[in-house]
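Comments concern the structure below.
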There are 2 protein chains.
Amino acid sequence: MNIGEASKASGVSTKMIRYYEQIKLISPAHRTESSYRTYTDNDVHTLQFIRRARDLGFSVEQMKALLALWRDRSRASADVKAIALEHIAELERKAAAIAAMTKTLKHLASHCHGDERPDCPIIEGFAETLGEGPGVPSKFGLANVV
Amino acid sequence: MNIGEASKASGVSTKMIRYYEQIKLISPAHRTESSYRTYTDNDVHTLQFIRRARDLGFSVEQMKALLALWRDRSRASADVKAIALEHIAELERKAAAIAAMTKTLKHLASHCHGDERPDCPIIEGFAETLGEGPGVPSKFGLANVV
DNA sequence: CCTTGACCTTCCCATCATGGGAAGGACTAA
DNA sequence: TTAGTCCTTCCCATGATGGGAAGGTCAAGG
């Protein structure tokens with residue numbers, strides 16, 4: 001089948017299928033004489049696998065590892081579980097960061113009248129020095145999580 | 001003061017200060033004769049404002065709006081609150097998406113022995129057709145949230 | 001047989017916020 | 001004066017995704 005049909009069958013856009021091929025997440029599709037990509041049911045199966053992993057938030061790198069483990073029938077289930085647990089930890093870290101932001105914002109918002117008057121604890125909270133000193137010089141601040 | 005000092009004082013990297021100037025989030029810094037950027041305490045205050053808003057997950061666009069409201073002493077607190085509430089809603093949407101992924105993954109992982117044996121419900125869960133049909137053709141799948 | 005429309009191809013660009021690094025100029029302390 | 005640290009601009013990379021242009025291919029219907 002053509003790339004469009006494979007896309008519909010797998011739920012992965014044609015753009016992404018070509019991209020996944022380019023970055024070698026999947027092997028190059030067979031081509032017709034006129035260089036159209038063709039896909040087998042097996043290829044679609046792989047694409048579905050990718051879509052499900054992606055929908056669970058796995059990165060391309062993690063999916064590469066998962067695909068390799070999927071194909072390796074003799075691998076230990078512990079190998080798969082390790083990737084999953086690591087990803088769960090990552091998700092929980094992000095959830096915690098989001099929860100912290102939400103909590104702070106809700107706190108500020110709850111003290112804001114939200115009417116026509118100008119005084120607003122939210123914006124004052126951003127403006128006031130809260131004794132934090134120099135900010136976290138981290139490569140990955142809270143913002144990257146959102 | 002120079003950009004390096006302003007960076008340390010505000011917690012915003014020099015790279016980002018220049019970037020924020022470029023995209024007009026902040027106004028162009030004054031320059032010395034040798035075209036070094038110089039910053040006043042007031043400029044640093046603005047940068048701190050930006051850093052705090054950023055740490056709470058606001059986008060550059062939202063920060064533009066917040067800065068304008070900050071400077072406008074006659075604006076209604078409702079205007080600020082609206083932005084904050086919208087952002088809270090966005091954060092909660094992301095938190096929900098992450099929670100859904102985490103739940104699914106934990107469920108799969110809990111049924112995986114995690115030993116040397118090859119059978120693994122996690123990877124089988126990705127591989128099996130679960131009757132989902134064509135995937136969500138959305139521009140923004142779950143994955144974008146992470 | 002030819003046209004039309006839907007598909008396919010590759011290539012380049014944009015997103016968002018951030019950092020890396022190179023090449024070269026400016027300043028400061030010894 | 002020299003060494004070292006700062007500054008400047010410019011270009012490139014990230015990750016996963018989409019948009020769109022320019023042009024080739026294919027199938028159905030007149």
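Just so it is clear: chains get the letters A, B, ... in the order the sequence lines come, proteins before strands, and each one is counted from 1. Since the structure is predicted, the reported quantities are computational estimates derived from the model, not experimental observations. These numbers come from the heavy atoms of this one structure, side chains and all, not from hydrogens, waters or symmetry mates.
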Worksheet item: Between A/Trp70 and A/Phe49, what is the ring plane arrangement, given parallel below 30°, perpendicular above 60°, and tilted in between?
Response: parallel
Fill in: Pair A/Glu61 + A/Lys64: basic N to acidic O under 4.0 Å
yes
Response to the item:
Of the listed C/dT9, C/dA17, C/dC8, the closest approach to the A/Asn2 side chain comes from C/dC8
Discussion item. Can you confirm whether A/Ile83 sits close enough to B/Ile122 that some side-chain heavy atom of one is under 4.5 Å from a side-chain heavy atom of the other?
Written reply: no
Worksheet item: What does A/Ser13 touch in the nucleic acid at a heavy-atom separation under 4.0 angstrom: a base, only the sugar-phosphate, or nothing?
Response: sugar-phosphate
Worksheet item: Within less than 4.0 Å of OP1 or OP2 of D/dC7, is there a side-chain N or O belonging to B/Arg31?
Response: no
Worksheet item: Considering only side-chain heavy atoms of B/Tyr20, which listed nucleotide, C/dA17, D/dT8, C/dT18, is closest?
Response: C/dT18
Worksheet item: Closest approach of A/Pro121 and A/Cys112, non-hydrogen atoms and distance?
Response: CD-CA, 3.6 Å
Worksheet entry | Donor-acceptor side-chain pairing of A/Ser77 and B/Asp119 below 3.5 angstrom | no
Worksheet item: Rounded to whole angstroms, how far apart are CG on B/Leu25 and C1' on C/dT18?
Response: 14 Å
Discussion item. So, OP1 or OP2 of D/dC7: does either fall under 4.0 Å of a side-chain N or O from B/Arg37?
Written reply: no
Fill in: Atom-to-atom span, CZ of B/Arg54 to P of C/dC16 - whole angstrom
17 Å
Practice prompt. Between protein and nucleotides 21-27 of chain D, map the contacts as a letter string: B base, S sugar-phosphate only, - none, heavy atoms under 4.0 Å, written 5' to 3'.
Written response: ---BBS-
Response to the item:
Winner on side-chain proximity to B/Arg18, out of D/dT17, D/dT8, C/dT18, is D/dT8
Fill in: A/Glu5 bridged to A/Lys8 by N-O distance under 4.0 Å
no
Worksheet entry | Over 12 non-hydrogen atoms of neighbours within 6.0 angstrom of CZ in A/Arg31 | yes
What pairs of donor and acceptor atoms, side-chain ones from residues 96-104 of chain A against any protein atom, are under 3.5 angstrom apart with sequence neighbours left out?
{"residue": "A/Thr102", "atom": "OG1", "partner": "A/Ile98", "partner atom": "O", "Å": "2.7"}
{"residue": "A/Thr104", "atom": "OG1", "partner": "A/Ala100", "partner atom": "O", "Å": "3.1"}

Worksheet item: Heavy atoms under 4.0 Å, any strand shown: does B/Thr14 hit a base, just sugar-phosphate, or nothing?
Response: nothing
With 3.5 Å as the limit, what N/O pairs link the protein to nucleotides 28-30 of chain C?
none

Discussion item. Is it true that B/Asp43 and B/Thr40 share a donor-acceptor pair across their side chains at a distance under 3.5 Å?
Written reply: yes
